[in-house]
Participant: 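Once you've had a glance at the structure underneath, I'll fire off some questions.
Chain letters run A, B, ... following the sequence lines, proteins first, then strands; residues in each count from 1. Only heavy atoms go into these numbers, but all of them, side chains included; no hydrogens, no water, no symmetry mates.
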Amino acid sequence: MAITAIKGFNDILPTESGRWQHIEQTARRVFELNGFSEIRVPVMEKTELFSRSIGDATDIVEKEMYTFIDKGENSITLRPEGTAGVMRAFIEHKLYAQDPVAKLYYLGPMFRYERPQKGRYRQFHQIGAEITGVHDPLADAQVLNMLVQFFRATGLDEPQLQINSLGCPECRPGYRAALVGFLESRLDQLCEDCKRRFSTNPLRVLDCKVPGCVEATIGAPSVLDHLCGGCQDHFTGVQGYLDSTATPYSINPRMVRGLDYYTRTTFEMVTGLLGSQSAVAAGGRYDGLISQLGGPAIPGIGFAMGLERVALLLGAQEFSIRPDLFIATLGAGERSFAFRLMHDLLRAGIRVEMDYDGKSLKSQMRRADKLKARYSLVIGENEVNSGTGAMKRMEDGTQTELPLRAEDIMRVLS
RNA sequence: GUGGCUAUGGUGAAGCGGUCAACACUUACGACUGUGACUCGUACAUUCGUCGGUUCAAAUCCGACUAGCCACCCCA
């Protein structure tokens, strides 16, 4: 039996890589337009970074991390998400000293040990962006608008933006207490999972899809009614900015996040097209994270989107590269002439293909067709002797006689 | 970690106990001795995820294992 890839780790084959490049290029273009610069950080970090930022009691840290001990006895973890590493770098290199307002984006593989399913893999890829140093809801709104811009630019208008506010360390405890009080009386109506959540993370009960739980939580207190003045103003501000740019969104007071560091604004881009993996991108504000990791008290906000999920939404769209010209040759003698011509054209930036191993002309023409070459050119003894030949436009079969020099060929191609 | 489903060539698949494992696509070569797409011809699974069992006989029945998919949990 041949060796196969690890469960949940996928190859991105040439037929799909074009789609991935389209996504990545679009993200880079949109993000850079918005003033974000790329930051590249390692795929592994000390385990402690993640347990401290994401939260010890979260599922990610409790059961989904690829953690191991290296030869120096250090506990190392393959990053399960990007923000922690980016903020570690931000603090470690004191980027805030130059300018506390940093706009950073990153992209790359993330790792989570979960059972794979549609749109969820053990190695998956995210593109994320972060803004540090801005308290004003303007930063929230810019990040959200940029996300919406990205999806539009990618040709996807389906995912919907949902926003919520989780409050801050001031007001969240009060809300949590109110919710616990409410749920306590209906504990017997909740599913087994929710009974467990009730003690570990009561906010999650609101997110449960079991009909009994949905019903039991109908009159539950909303986070939005328990926000303190500051959080209330902030959330209103975010909405105001979104309204002013006519960015469509809806408020989902039941939206909960899986990472502990979120405060105030949280959001998701959701789709109904990916089965149970409805979130294509998600993020929020993390005002306490940087100081929690040993940096100064600087706020932050950001998001990450799942590339596999975006790629799935894009479907089987073709992004293949077509050659401009295919050169067919009739004999070994002509091939060196053709090779030289191809070389000149490649140097000029023309995409050229030629036959590699002396196949029949029929085969070569078939190949030109299969590669979807725009033009073909047959080179035989006559062409080599006369220095002229005929370029055939594959689309309609018309031929153009011309001298076989790079500049003449380029003229026909343009 | 839990549950369900499925495993036949490069791909999509027929086959449901008994002659060479259909068919389609892909690929290669040819019909056209210097011009593709359409058409036609030829070739391409000593073998049906793996191991074991039942049987005179198994891709077809049984068991175990493995893998994949989907769902739950959770999440991008």
Participant: Check the distance between B:rG36's C1' and A:D396's CG and give it to me in whole angstrom.
Facilitator: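 One finds 13 Å between C1' of B:rG36 and CG of A:D396, rounded.
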Participant: Determine the Euclidean distance between corresponding P atoms of B:rG1 and B:rA13; express it in Å to zero decimal places.
Facilitator: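 It works out to 30 Å between them.
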Participant: Rounding to the closest angstrom, what is the interatomic distance between B:rG15 and B:rG3 at atom C1'?
Facilitator: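 The answer is 31 Å between these two C1' atoms.
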Participant: When you compare B:rA71 with B:rC56, how far apart are their P atoms, in angstrom units rounded to a whole number?
Facilitator: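 It comes out at 46 Å once rounded to the nearest Å.
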Participant: Going from CG on A:L161 to CG on A:L242, what distance comes out if it is rounded to the nearest 0.5 angstrom?
Facilitator: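 Going from the CG atom of A:L161 to the CG atom of A:L242 covers 6.5 Å.
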Participant: Mind calculating the distance between CD (A:E395) and P (B:rU35) to the nearest angstrom?
Facilitator: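 Nearest whole value for this atom pair: 22 Å.
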Participant: Round to the nearest Å and state the distance from A:F326 atom CZ to B:rA37 atom P.
Facilitator: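 Nearest whole value for this atom pair: 14 Å.
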Participant: Are the charged groups of A:E268 and A:R257 less than 4.0 angstrom apart, N to O?
Facilitator: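 Salt bridge present between A:E268 and A:R257.
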Participant: Both conditions, 6.0 Å and 45 degrees, for the charged tip of A:R122 above the ring of A:Y113: are they met here?
Facilitator: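 Output yes; distance and angle both within limits.
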Participant: So, using ring-ring contact (aromatic ring centres under 6.0 Å, His included) as the criterion, who are the partners of A:F303 when residues are at least two apart?
Facilitator: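 A:F31.
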Participant: OP1 or OP2 of B:rG68 less than 4.0 angstrom from a side-chain nitrogen or oxygen of A:K7, does that happen here?
Facilitator: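 Yes, such a contact exists.
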Participant: Using residues 170-186 of chain A as the side-chain source, report each donor-acceptor pair under 3.5 Å to any protein atom, sequence neighbours left out, with the distance given to one decimal.
Facilitator:
unit_1, atom_1, unit_2, atom_2, d
A:R172, NE, A:L166, O, 3.2
A:R172, NH2, A:Y262, O, 2.7
A:Y175, OH, A:P221, O, 3.0
A:S185, OG, A:F182, O, 2.8
A:R186, NH1, A:A216, O, 3.1

Participant: Distance between the C1' atoms of B:rA21 and B:rU47, in whole angstroms?
Facilitator: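 Each nucleotide's C1' atom is 8 Å from the other's.
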Participant: Under 4.0 Å between a side-chain nitrogen and a carboxylate oxygen: does that hold for A:D140 and A:R285?
Facilitator: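 Salt bridge between A:D140 and A:R285, a charged N being under 4.0 Å from a carboxylate O: yes.
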Participant: Could you tell me how far B:rG34 sits from B:rC29 if I compare only their P atoms? Round to whole Å.
Facilitator: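 That atom pair is separated by 15 Å.
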Participant: Side-chain donor-acceptor pairs under 3.5 Å in residues 103-110 of chain A, sequence neighbours left out?
Facilitator:
unit_1, atom_1, unit_2, atom_2, d
A:K103, NZ, A:N34, O, 3.0
A:Y105, OH, A:R28, NH1, 3.2
A:Y105, OH, A:E32, OE2, 2.5

Participant: Check this for me, if you would: do A:R411 and A:D408 make a salt bridge, where the nitrogen-to-carboxylate-oxygen distance has to be below 4.0 angstrom?
Facilitator: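 A salt bridge is present here (some side-chain N lies under 4.0 Å from a carboxylate O).
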Participant: So A:E383, base contact, sugar-phosphate only, or nothing? Heavy-atom distance under 4.0 Å.
Facilitator: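 Answer is base: heavy atoms of A:E383 come under 4.0 Å of a base.
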Participant: Counting only pairs under 3.5 Å, give me each side-chain donor-acceptor contact of residues 123-138 of chain A, with atom names and distances, residues two or more places apart or in other chains.
Facilitator:
unit_1, atom_1, unit_2, atom_2, d
A:Q123, NE2, A:H125, NE2, 3.3
A:H125, ND1, A:E308, OE2, 2.8
A:E130, OE1, A:Y286, OH, 2.4
A:E130, OE2, A:T83, OG1, 2.7
A:T132, OG1, A:P100, O, 2.8
A:T132, OG1, A:A102, N, 3.0
A:D136, OD1, A:L138, N, 2.8
A:D136, OD1, A:Y241, OH, 3.3

Participant: Using a heavy-atom distance cut-off of less than 4.0 Å, which residues of residues 360-370 of chain A contact RNA chain B?
Facilitator: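 Nucleic-acid contacts, sorted: A:S360, A:L361, A:K362, A:S363, A:M365, A:R366, A:D369, A:K370.
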Participant: Using the P atom in both, what is the distance from B:rG18 to B:rG12, to the nearest Å?
Facilitator: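 After rounding to an integer number of Å, I get 26 Å for this pair.
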Participant: Would you list the protein and nucleotides 70-76 of chain B atom pairs, both N or O, that sit under 3.5 Å from each other?
Facilitator:
unit_1, atom_1, unit_2, atom_2, d
B:rC70, OP2, A:K118, N, 2.8
B:rA71, OP2, A:Q117, OE1, 3.0
B:rC72, OP2, A:S276, OG, 2.7
B:rC73, O3', A:R197, NH2, 3.0
B:rC73, N4, A:Q117, NE2, 3.2
B:rC73, N4, A:R120, NH1, 2.2
B:rC73, N4, A:R120, NH2, 2.8
B:rC74, OP1, A:R197, NE, 2.2
B:rC74, OP1, A:R197, NH2, 2.4
B:rC74, OP2, A:R197, NH2, 2.2
B:rC74, O4', A:D59, OD2, 3.3
B:rC74, O2', A:E64, OE2, 3.4
B:rC74, O2, A:E114, OE1, 3.1
B:rC74, O2, A:R120, NH2, 2.6
B:rC74, N3, A:R120, NH2, 2.3
B:rC75, OP1, A:R204, NH2, 2.3
B:rC75, OP1, A:G258, N, 3.4
B:rC75, OP2, A:R204, NE, 3.2
B:rC75, OP2, A:R204, NH1, 2.6
B:rC75, OP2, A:R204, NH2, 2.1
B:rC75, O3', A:R112, NH2, 2.8
B:rC75, O2', A:R112, NH2, 2.2
B:rC75, O2, A:R309, NH1, 3.4
B:rC75, O2, A:R309, NH2, 2.9
B:rC75, N4, A:S276, O, 3.4
B:rA76, OP2, A:R257, NH1, 3.4
B:rA76, OP2, A:R257, NH2, 3.2
B:rA76, O4', A:Q126, NE2, 2.9
B:rA76, O2', A:A279, O, 2.9
B:rA76, O2', A:V280, O, 2.8
B:rA76, N7, A:R112, NH2, 3.4
B:rA76, N1, A:G119, O, 3.4

